[in-house]
Amino acid sequence: MAVSVQTGDFDIAAEIASLTAGRTDIGAIVTFTGICRGQDDGRDVVALTLETYEEMAVAELSRLEEDARSRWPLQGSTIIHRHGTMQPGDNIVLVICASSHRQAAFEAASFLMDYLKTRAPFWKAEEAAGGEKRWIAAKAEDDEAADRW
Amino acid sequence: MAVSVQTGDFDIAAEIASLTAGRTDIGAIVTFTGICRGQDDGRDVVALTLETYEEMAVAELSRLEEDARSRWPLQGSTIIHRHGTMQPGDNIVLVICASSHRQAAFEAASFLMDYLKTRAPFWKAEEAAGGEKRWIAAKAEDDEAADRW
Amino acid sequence: MSVTIKYFAWLRERVGKAEEDMILPAGVNTLTELIAHLRRQGEEYDHAFATDGVIRAALDKRHVPLDAAIGGAREIAFFPPMTGG
Amino acid sequence: MSVTIKYFAWLRERVGKAEEDMILPAGVNTLTELIAHLRRQGEEYDHAFATDGVIRAALDKRHVPLDAAIGGAREIAFFPPMTGG
C-alpha cells in the first residue's frame with residue numbers, strides 16, 4: 001500500500017523488505033521493473049525524459065492500487081514511478097505485489113502495469129544520438145493490454 | 001541463463017544486477033519470489049524442509065529455462081531453488097525473466113513457476129507447532145496451472 | 001469562476017505554457033466547449049488542439065471524457081495519451 | 001546390468017533407504033515391471049508402492065511414464081508428485 005512518484009532511483013530489495021518485514025503470511029512476491037532501453041524502433045536513445053502531472057499521478061496510481069487490491073487478495077503492494085531525465089539502463093518504474101499465492105501476485109502486477117501504462121499521467125520524450133528529441137507515441141497494444149482486464 | 005539449486009539464501013538485487021550488467025537492451029524485468037509461510041491450511045508451520053533430487057533438479061530447471069527461452073524473447077533468466085530446512089519468512093525460490101517488453105517477461109516468469117511446481121524434483125515436508133511432520137500433497141490446481149501453457 | 005488549466009507534454013509545448021488561470025466564459029460548460037473556446041484564443045492553441053480524438057483530459061486530477069461537464073472543477077488538465085511505465 | 005535406484009520423500013521413508021544398486025532380473029524391462037518386482041522384495045516396498053497412480057519416475061534424470069522401457073538407463077528414480085516452488 002505505497003505509491004511514490006519521485007525523481008530518485010529505487011532499491012528493489014529495500015522495497016521488498018519493507019513489505020515483508022515481520023510477516024509470515026506472504027507466500028509470493030512478484031516484482032516488475034521497467035528500465036530505460038538504449039534502442040527504440042531501431043534508433044539509438046541517449047536519454048529519456050519523463051514528464052508527469054505529479055499530483056494526479058499519485059492520485060491515479062493510488063486508485064489503481066485500490067482497484068488491484070479489490071480484485072486480488074494482496075497482502076501488500078508498492079508502485080514507484082520516476083520522472084525526470086534518465087539514461088539507458090536506468091530504472092523507470094517498479095511494481096511489487098505480495099500475496100499468499102502466486103497467481104494473484106502475478107495477475108495483480110501485470111494488471112497494474114497494463115493500467116499504469118494507459119492511465120498514469122506520464123509522458124516520455126526520447127533524445128536520439130543526434131540530439132533530436134521526440135515525444136513517444138502511445139501504443140495501441142497498450143490499450144489492448146489494459147482492455148483485457 | 002542461470003540455474004542454481006542451493007541451500008543458502010539468494011539476493012534478488014545481486015541477481016538482477018548480474019542479468020543487467022553492461023546491457024541497455026533490457027526493458028522489463030519480472031521477478032517471482034516464493035516464501036515459506038507460517039500458516040498452511042489453517043495449521044501453524046514452524047519449519048519447512050525441502051528435499052531434492054539435486055542432479056535432476058538442475059537438469060530439469062535447465063530444460064524448463066530452455067523451453068521458456070524458445071517460447072518468449074528473453075534476454076536473460078535466472079532460476080534459484082533452495083533446499084534444506086527453512087523457517088516462515090525465508091525465501092524458497094527465485095525466478096527472474098528479462099526481456100525487451102513486459103508481456104514476455106511476465107508470461108515467461110509465470111510459465112516457469114507453473115512448470116517448476118509440477119516438474120522440478122523438490123518435495124516439501126511441513127513441521128507443525130506440535131512437532132508433527134507431514135509431507136505436503138501435490139495440488140491439482142498446480143497441474144491445471146501448468147496445463148494452460 | 002476561475003479555473004486553472006494545465007497542459008502537458010507536446011500540448012504544453014505547443015500552447016507555450018504549462019498552466020494558466022482563466023474565468024470560464026458563459027456558454028462554456030463542457031471540456032469540448034472549452035477546447036473550442038481555447039482554439040479561438042490564438043494560433044498556438046488552435047495548433048495544439050488540432051489533433052482531434054487524441055487529446056485527453058482530467059478534472060481535479062481524475063480522467064474524464066471530453067464531453068464531461070466542467071461543473072465546479074478547480075483544475076482542468078489537457079494532455080496527449082499517456083506513455084509512462 | 002547394474003542400475004542405481006533412488007527413492008525420495010515419503011517413498012524413501014517407506015522403503016527405508018535413499019538408494020540401492022540392483023541387477024535387474026530377466027523379464028524386468030519397464031518401470032511397471034520393476035515396481036512389481038520391488039513389491040515382492042518385502043513389506044516396506046509393497047507399502048511404499050501401494051499408492052497406485054501416484055508414483056512418478058525418472059530415467060537418468062528425465063521424467064518418464066511408468067510404462068517406459070528401462071533400456072540402458074543407469075539411474076532410476078521413484079518419487080511422489082513434486083511440491084517445490
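Naming convention: chains lettered A, B, ... in sequence-line order (proteins, then strands); numbering from 1 in each chain.
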With a 4.5 angstrom heavy-atom cut-off, which part of B/I96 approaches chain A: side chain, backbone, both or neither? neither
Please report all inter-chain donor-acceptor pairs (under 3.5 Å) between chain B and chain A, with distances to 0.1 Å.
from, atom 1, to, atom 2, distance (Å)
B/T24, O, A/G38, N, 2.7
B/G27, O, A/I35, N, 2.9
B/I29, N, A/T33, O, 2.9
B/I29, O, A/T33, N, 2.8
B/T31, N, A/T31, O, 2.9
B/T31, O, A/T31, N, 2.9
B/T31, OG1, A/T31, OG1, 2.5
B/T33, N, A/I29, O, 2.8
B/T33, O, A/I29, N, 2.9
B/I35, N, A/G27, O, 2.9
B/G38, N, A/T24, O, 2.7
B/R102, NE, A/D114, OD1, 3.1
B/R102, NH1, A/D142, OD1, 3.2
B/R102, NH2, A/D114, OD1, 2.8
B/R102, NH2, A/D142, OD1, 3.4
B/D114, OD1, A/R102, NE, 3.1
B/D114, OD1, A/R102, NH2, 2.8
B/D142, OD1, A/R102, NH1, 3.2
B/D142, OD1, A/R102, NH2, 3.4

Taking all atoms of both residues into account, what is the closest heavy-atom pair of B/I16 and A/I12, and its distance? CD1-CD1, 3.5 Å
Counting heavy-atom pairs under 4.5 Å with chain B, which one of A/G22, A/G27, A/A14 comes out on top? A/G27
Checking A/A109 against chain B: side chain, backbone, both or neither under 4.5 Å from a heavy atom? both
Pairs where residues 10-50 of chain A contributes a residue and the test ring pair (Phe, Tyr, Trp, His ring centres under 6.0 Å) is met, not counting sequence neighbours: A/F32-B/F106
